[in-house]
Amino acid sequence: MIIFAQPMYSRAELNCDSNYVLISSLIRAMREVRPSWHFILPFPDKNSGFKYDDDGFFKLPNVTRIPQRINSRRHGGAVHYDSLWYDRLLKSVAIDVVWCNLIEMAANIKHAGEATYNDTFKPVVIAHHHYVVHDSLPYPIEAMENIRWMQLVGAVNADANIFHSDHCQNMLMDNAKELLSAKSIKKIKDGSRSAPLGVLEPSLSPVYKNNPEPIIVYNHRLQGYKRWRDTFEMLDEIYKEGIKFKVRFTSSTKENLSHVLKYPFVEVALGATRE
C-alpha cells in the first residue's frame, strides 16, 4: 500500500506545525500495525522559507519526502495547486490512497493527470478535515468565501471525509446546507466519519499526580480563530470565584503572550518542538 499524505502546513517552524505533528505521529503509530505501508509526503523546498529540525521522522524506512514549493501561509497553500507537480507524481508512482489534509486540494488531486495515466490506477482520496471556514470564526467570512467553496468542492469529490469531532462535521454541513444541492449534501454525509484524536505515543501518556491545584494545559498559539481571549476571561472569572488552579501555556511563539501573563494563574512553557 502506497499512501500519499498531502499536508496542511501553516507554520514556518515545521516541527511545531499541528498538521506535521499529527501526520508524523499517526504514521509512526501505523508502522506498528501496518509495517508494509509506505507514505510519500511533499516537503518544503529550500526556497519555501520553512525551518525544520531533523527529528528522525524522514529517516523512517517507510517514509519518502519529495521537495515542493509550498506557501507557509495556510490559505496561500490552499489556493495554490501545481498541476504539473501532481501530474508527474501520479504518472510515476502508483499511489493507492491520497490522505488529503488540505481539503481545498482534494478535488484537484482526485482528478489530476487523467490524460496521463490509466484510470485503473486512480487513487482513493480521503479528505481529513482540520480547519473548517465557518461563520462562527471571528473573521469576516466574506474574505474567505473562496476557501469555503473549495472546502465543499473537496468534500463532495473525495471518496470519504474524516472529521475530528461531530462539531467539526456539523460546521462543514452548515456550509453545505447553505450552498450545495440535496444530492451533494447526501454524498458528503454518507461518506463521512468522525475519528477523534488521542495520545498515541507511550512517552506522552499522562502520569496523574495529586496536585494541590489542578493544572490546565492551554496547548495552542494565541490566535484569533481560537477565541483565546474569551477562554482566558472565563478562566479568570472562575479563578476569582475562589476555585484555584494553574494554566500552563505551552507554545512555540511569544505572540500575544503579554495578554495572558497578567493573569495570576498562568505559567508559561515555551519550546521550539513538541517535546
**Item:** Distance in Å, Thr250 OG1 paired with Asn219 CG, rounded so as to fall on 0.5 Å steps
**Value:** 3.5 Å

**Prompt:** With a 4.5 Å limit on heavy-atom distance, are the side chains of Tyr20 and Pro7 in contact?
**Reply:** no

**Request:** Find out if a path of hydrophobic residues (ILVMFWY) with successive side-chain heavy-atom gaps under 4.5 Å connects Leu222 to Val266.
**Result:** yes

**Prompt:** So which heavy atom on Pro42 is nearest to which on Ala5, and how close?
**Reply:** CD-O, 3.3 Å

**Message:** Can you tell me how far apart OH (Tyr9) and CG (Asn71) are? Round to the nearest 0.5 Å.
**Reply:** 13.5 Å

**Request:** Could you tell me whether the side chain of Phe249 reaches within less than 4.5 Å of the side chain of Leu261, counting heavy atoms only?
**Result:** no

**Request:** Can you see which heavy atom on Ser10 is nearest to which on Arg221, and at what distance?
**Result:** OG-NH2, 4.1 Å

**Asked** If you measure from CG on Leu102 to CZ on Arg74, what distance do you get to the nearest 0.5 Å?
**Response** 5.5 Å

**Asked** Is it true that Tyr263 and Tyr239 have ring centroids separated by less than 6.0 Å?
**Response** no

**Asked** To the nearest 0.5 Å, what is the distance between CG (Leu197) and NE2 (His130)?
**Response** 8.0 Å

**Prompt:** Pick one: which of His111, Lys110, Lys187 meets side chain to side chain donor-acceptor pair (under 3.5 Å) with Asn157?
**Reply:** His111

**Asked** Considering all heavy atoms of both residues, which atom of Asp166 and which atom of Ser194 are nearest to each other, and what is their separation?
**Response** OD1-OG, 2.9 Å

**Close aromatic pair by centroid cut-off 6.0 Å: Phe245 and Phe265** = yes

**Joint hydrophobic cluster, Ile185 plus Val156, side-chain heavy atoms closer than 4.5 Å** = yes

**Item:** Gap separating the SG atom of Cys168 from the CD1 atom of Ile162, nearest 0.5 angstrom
**Value:** 11.5 Å

**Item:** Non-hydrogen side-chain atoms of Phe163 and Met173 separated by less than 4.5 Å
**Value:** no

**Test log, rule side chain to side chain contact (heavy atoms under 4.5 Å, CB included), inputs Val98 and Tyr86** = CA-CA 12 Å; Val98 175; Tyr86 287 95; over 6 Å; no

**Prompt:** So among Thr64, Val97, Ile40, which one has a side chain to side chain contact (heavy atoms under 4.5 Å, CB included) with Ile2?
**Reply:** Ile40

**Message:** As an exercise, state the distance from CG of Leu172 to CD of Gln169, rounded to the nearest 0.5 Å.
**Reply:** 8.0 Å

**Message:** Assigning hydrophobic clusters by single linkage (Ile, Leu, Val, Met, Phe, Trp, Tyr; side-chain heavy-atom cutoff under 4.5 Å), is Trp99 placed with Ile188?
**Reply:** no

**Request:** Answer whether the closest heavy-atom distance between the side chains of Val79 and Glu104 falls below 4.5 Å.
**Result:** no

**Prompt:** Applying the 4.5 Å side-chain criterion to the ILVMFWY set and letting contacts propagate, would Met144 and Leu152 be lumped into a single cluster?
**Reply:** no

**Prompt:** Going by atom types only, do His134 and Ser136 share a side-chain donor-acceptor pair under 3.5 Å?
**Reply:** yes

**Asked** Is any side-chain heavy atom of Tyr81 closer than 4.5 Å to a side-chain heavy atom of Met150?
**Response** no

**Asked** Linking I/L/V/M/F/W/Y whenever their side-chain heavy atoms sit closer than 4.5 Å, directly or via other members, would Ile70 and Val63 fall into one cluster?
**Response** yes

**More than 12 heavy atoms from other groups under 6.0 Å of NZ on Lys189** = no

**Ala155 versus Asn161, closest heavy-atom pair with distance** = O-ND2, 3.0 Å

**Asked** Would you say Ser24's side chain and Val21's backbone share a donor-acceptor pair under 3.5 angstrom?
**Response** yes

**Request:** Indicate yes or no: at least one non-hydrogen side-chain atom of Arg31 is less than 4.5 angstrom from one of Asn62.
**Result:** yes

**Any Glu178 side-chain heavy atom under 4.5 Å of Arg148 side chain** = yes

**Request:** Run the numbers on Leu137 and Tyr131 for side chain to side chain contact (heavy atoms under 4.5 Å, CB included), then give the verdict.
**Result:** CA-CA 11 Å; Leu137 295 178; Tyr131 185 98; 3.8 Å; yes

**Request:** Take the angle between the ring planes of Trp228 and His259 and call it parallel below 30°, perpendicular above 60°, tilted in between.
**Result:** tilted

**Request:** Would you check, one step at a time, whether the test side chain to side chain contact (heavy atoms under 4.5 Å, CB included) holds for Leu270 with Ser251?
**Result:** CA-CA 5 Å; Leu270 296 178; Ser251 181; 4.2 Å; yes

**Prompt:** At their closest point, which heavy atom of Asn175 faces which heavy atom of Val133, and how far apart are they?
**Reply:** ND2-O, 2.7 Å

**Request:** Using a 4.5 Å cut-off on heavy atoms from C-beta on, say whether the side chain of Leu41 contacts that of Phe57.
**Result:** yes

**Request:** Look at the side chain of Asn15 and the backbone N and O of Asp53, then say whether any donor-acceptor pair between them is shorter than 3.5 Å.
**Result:** yes

**Request:** I would like to know whether Thr231 and Lys226 meet side chain to side chain contact (heavy atoms under 4.5 Å, CB included); could you show each step before the answer?
**Result:** CA-CA 9 Å; Thr231 301; Lys226 288 293 182 182; over 6 Å; no

**Request:** Taking Asn101 for its side chain and His128 for its backbone only, find out whether a donor-acceptor pair lies under 3.5 Å.
**Result:** no

**Request:** Compare every heavy atom of Ile109 with every heavy atom of Leu90, then report the nearest pair and how far apart it is.
**Result:** CD1-O, 4.1 Å

**Item:** Backbone N/O of Glu213 and side chain of Asn211: donor-acceptor pair under 3.5 Å
**Value:** no

**Other residues, nucleotides, ligands: >12 heavy atoms within 6.0 Å of Met1 CE** = yes

